Amino acid sequence: TTQATAFEASLTYINQAFSLFNHYNISDSSLKYQILLQKSELEFLNGNLEQSLELSNQLLNLATSNLDKASVYNRLILHITMKGDYQTATEYGIKALQLLDIPFSMEQIEPQIGAEIHEINTLLGNKTIDSLINLPELVEARGKLAIAVLVNMQTSAYYTDKTLWTLLNLKAALLSIKHGNVPESASAYFGYGVVLCAVMGNYQAGYQFGKLAYDLSLQFNSLSQLCKSCNIFANFITIWSKHLSYTERLNELGFQAGIDSGELQFAGFLLVHKTINPFLLGKNLENIHQQVVEYIKFAQKTNNKAAFDALSAIKVVFDNMLGNTSHINHFSNEFFDEEKVEEMKKRQEFLVLATFLPLQGIVYYIYEEYHKAKELFEESSSYLFVITGTFLNIEYNFFHSLSLLQTLENKSIEERTSTLEQIENNQKQMKIWADSCPENFYHKYCLVEAELARVKGNTLEAMNLYDEAIKGAEEN
């Protein structure tokens, strides 16, 4: 692309500057710092992650102020997260916050969450959520960097510790509401929007915070934040109020903004959604499969481990469904080996497990191997926290209930009662979702209710519910 060519040309120029600096033995440490800073960023944008990391570590040794050191740690958070080393990314974030004198404790996180929510609600008072876009711009360097650090820690926390992730979102949002907006406040607001939707079930307020984030990224003319906002607004927030197809335009807009700004991490995440969502919408599988091959190449080139892992897991499922694997029960290809799932568990590769196992369960359900599907859904339950708030999480609920219903036969009275209770619990949640967005969820709710009526012997009720489910699916 034109943007990629520009990044390559810029790297050539900065390499020449660095060579001249060394050739003439220039002793200006400030100039060296600025050259290495630019070189590290350009190496990253050109997909040279290891070189960028090495340069960032050199920058840490050159940095003289706490602000500069915190700034380098902030860069390292992004780079380490791309490698999938989420624990180290979190540690770097905490170091940066300490350098900025921002109070942060990993102890007793839940009470902190309650305190942050209370303070946010107090500050909001009677203000409307959309009015927050009119807050003054925060110009103080320490505060700006603190918000950036908090939001850059979000990704690593999302894949490892949801309570920590919630706290980071709340702290970033609170700093923005207290002191004013910066471009990264968009990430703070959409993060809070996800908390409201996925954790608190307040879908209306969550949507308003997501829309605020999207609008703020446009107001600051920040393509990087637009990329991130589109990813979260589309795939974690709008699905609770708008049809899944609404995500397609936002995902494409966000991906292009990521390419144009060098926001490679979230550009990769958007490709995951650009693959899963069309599949769940029932679009042509061969066309989606062709696209995912190109998406995997992008994830490889940009060293985006999380995106690569998720896309590889999706591709092997598509390969199986298209008959490209050696056997109907075979889920391995050039990128993914089902035999290594146990190793993935030991390495705590939660994202790939949370993507592959539910999708594999859906495939086995389609193949009418209901007991195998049920086993996979139960196996994947330990990793659902990674896909909380996504459409795949809803599909898990739906197909889990269906697989439980199909495996009721020959169960003892106690097992049958326990299974029906599990289905009823699933349906309570599905009903909440269906009330929030009938276009996405009502037909799913009706189909499970129809199956429940069938197994209970309520034939007429089941027939009416089947008709209702068919009508809802046809309309949406």
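Predicted, not measured: the structure shown is a model, and the values here were computed from it. Values reported hereafter were calculated over all heavy atoms of this structure, with side chains retained and with hydrogens, waters and symmetry mates removed. Sequence positions, counted from 1, serve as the residue numbers for this chain.
- Here the closest non-hydrogen pair linking Leu420 and Leu408 is CD2-CD1, 3.9 Å.
- Between Glu451 and Arg454 a salt bridge is recorded (basic side-chain N to carboxylate O distance below 4.0 Å).
- In this structure a side-chain-to-backbone donor-acceptor pair under 3.5 Å is present from Asn57 to Leu53.
- Residues Asn320 and His327 come closest through the heavy atom pair ND2-O, 3.6 Å.
- The CD1 atom of Ile129 lies 11.0 Å from the OH atom of Tyr189; values are rounded to the nearest 0.5 Å.
- Between the side chains of Asp260 and Gln256, at least one donor N or O lies within less than 3.5 Å of an accepting N or O.
- Listed by chain and residue number, Ser52 satisfy the side chain to side chain donor-acceptor pair (under 3.5 Å) test with His79 (two or more places apart in sequence, or in another chain).
- Summarising the local packing, CD of Gln291 is surrounded by more than 12 heavy atoms from other residues, nucleotides or ligands at distances under 6.0 Å.
- A side-chain donor-acceptor contact under 3.5 Å links Tyr158 to the backbone of Val386.
- Taking the salt bridge (charged side-chain N to carboxylate O under 4.0 Å, His left out) definition, one finds that Lys144 meets it with nothing, sequence neighbours left out.
- Residue Ala257 comes nearest to Leu226 through the heavy atom pair CB-CD2, 4.0 Å, listed as atom of the first residue, atom of the second, then distance.
- Once rounded to the nearest 0.5 Å, the distance linking OG1 of Thr81 with CG of Asn304 reads 10.0 Å.
- Distance OH/Tyr396 to OG/Ser401: 9.0 Å, rounded to 0.5 Å.
- Remark: side-chain polar atoms of Ser40 are not paired, donor with acceptor, to backbone N or O of Leu36 under 3.5 angstrom.
- The main-chain N or O of Ile239 is found under 3.5 Å from a side-chain atom of Asn440 such that the two form a donor-acceptor pair.
- Proximity of a side-chain donor or acceptor of Thr390 to a complementary backbone N or O of Ile387 within less than 3.5 Å is detected.
- Within the 4.5 Å cutoff, no side-chain heavy atoms of Tyr364 are placed close to those of Glu375.
- Residue pairs satisfying the salt bridge (charged side-chain N to carboxylate O under 4.0 Å, His left out) criterion with at least one member in residues 328-340, sequence neighbours excluded, are listed as follows: Lys315-Glu334.
- At least one side-chain heavy atom of Met321 sits under 4.5 Å from a side-chain heavy atom of Val363.
- The shortest heavy-atom contact between Ala188 and Ala173 is CB-N, 3.5 Å.
- A donor-acceptor pair is defined here as one N or O able to donate and one able to accept, closer than 3.5 Å; no such pair exists between the side chain of Asn169 and the backbone of Gln154.
- For Tyr445, the ring-ring contact (aromatic ring centres under 6.0 Å, His included) criterion is met by no residue, not counting sequence neighbours.
- A salt bridge is absent between Lys431 and Glu449; no separation between the charged side-chain nitrogens and carboxylate oxygens falls under 4.0 Å.
- With respect to Asp467 and Lys471, no salt bridge is recorded, no charged nitrogen being found less than 4.0 Å from a carboxylate O.
- Taking 4.5 Å as the limit, every side-chain heavy atom of Thr247 sits out of range of all side-chain heavy atoms of Phe391.
- Between Trp433 and Phe441, the ring planes lie tilted relative to each other; the angle falls in the 30° to 60° range.
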Stepwise ring-ring contact (aromatic ring centres under 6.0 Å, His included) test for His273 and Phe236:
CA-CA 10 Å; His273 296 294; Phe236 293 80; 5.8 Å; yes
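- Looking only at side-chain heavy atoms (C-beta outward), Asn231 and Phe190 stay at 4.5 Å or farther from each other.
- Between Glu294 and Lys297 there is a salt bridge, with a side-chain nitrogen of the basic residue lying less than 4.0 Å from a carboxylate oxygen of the acidic one.
- Under the salt bridge (charged side-chain N to carboxylate O under 4.0 Å, His left out) criterion, Lys374 pairs with Glu378, not counting sequence neighbours.
- A side-chain donor-acceptor contact under 3.5 Å links Thr325 to the backbone of His330.
- With Gln225 as the partner, the side-chain hydrogen bond (donor to acceptor under 3.5 Å, both in side chains) test is satisfied by one option alone out of Ser185, Ser261, Ser187: Ser187.
- Using cut-offs of 30° and 60° on the angle between ring planes, the pair Phe377 and His400 is tilted.
- Environment of CD in Glu424: crowded, with over 12 heavy atoms of neighbouring residues, nucleotides or ligands closer than 6.0 Å.
- Residue-environment remark: CG (Asn221) stays at or below the threshold of 12 foreign heavy atoms within 6.0 Å.
- Side-chain contact between Asn46 and Gln51: absent, with no pair of heavy atoms (C-beta onward) separated by less than 4.5 Å.
- Under the ring-ring contact (aromatic ring centres under 6.0 Å, His included) criterion, Phe220 pairs with no residue at all, not counting sequence neighbours.
- Ring geometry for Phe233 versus Tyr207: interplanar angle of 30 to 60°, hence tilted.
- No more than 12 heavy atoms of other residues, nucleotides or ligands shown are found within 6.0 angstrom of OH on Tyr13.
- A distance-only check finds no donor-acceptor pair linking the side chain of Ser436 to the backbone of Ile432 [under 3.5 Å].
- The aromatic rings of Tyr73 and Tyr92 sit tilted relative to each other, their planes meeting at an angle between 30° and 60°.
- A donor-acceptor contact shorter than 3.5 Å links the side chain of Asn397 to the backbone of Asn426.
- What you find for Leu60 and Leu76 is that their closest heavy atoms are CD1-CD1, 3.9 Å.
- Leu359 has its side chain out of reach of Phe331: every pair of non-hydrogen atoms, C-beta onward, lies at least 4.5 Å apart.
- Residues Cys197 and Tyr203 come closest through the heavy atom pair O-CE2, 3.3 Å.
- Between the CD atom of Glu41 and the CG atom of Leu45 there is a distance of 4.5 Å, given to the nearest 0.5 Å.
- Here the straight-line distance linking atom OG1 of Thr166 with atom CD1 of Ile109 works out to 9.0 Å at 0.5 Å rounding.
- Using a 4.5 Å heavy-atom cutoff, the side chains of Val352 and Ser312 are not in contact.
- Lys162 forms no cation-pi arrangement with Phe385, by the criterion of a distance under 6.0 Å to the ring centre and an angle within 45° of the ring axis.
- Using a 4.0 Å cut-off between a side-chain N of Lys or Arg and a carboxylate O of Asp or Glu, Lys345 and Glu379 qualify as a salt bridge.
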Show your reasoning for whether salt bridge (Lys or Arg N to Asp or Glu O under 4.0 Å) applies to Lys39 and Glu43.
CA-CA 6 Å; Lys39 181 172 167 56; Glu43 292 285 9; 2.9 Å; yes
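- Remark: side-chain polar atoms of Glu369 are not paired, donor with acceptor, to backbone N or O of Lys372 under 3.5 angstrom.
- Cation-pi contact between Lys283 and Phe279: absent, since separation from the ring centre below 6.0 Å together with deviation from the ring axis within 45° is not met.
- Within the 4.5 Å cutoff, the side chain of Glu475 has no heavy atoms near those of the His443 side chain.
- To the nearest 0.5 Å, the span separating CZ on Phe336 from CD1 on Ile314 amounts to 11.0 Å.
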Begin with the C-alpha distance, continue with both residues' side-chain angles, and end with the deciding distance and a verdict on side-chain contact (heavy atoms from CB on, under 4.5 Å) for Ile14 and Leu11.
CA-CA 5 Å; Ile14 203 68; Leu11 180 57; 3.8 Å; yes
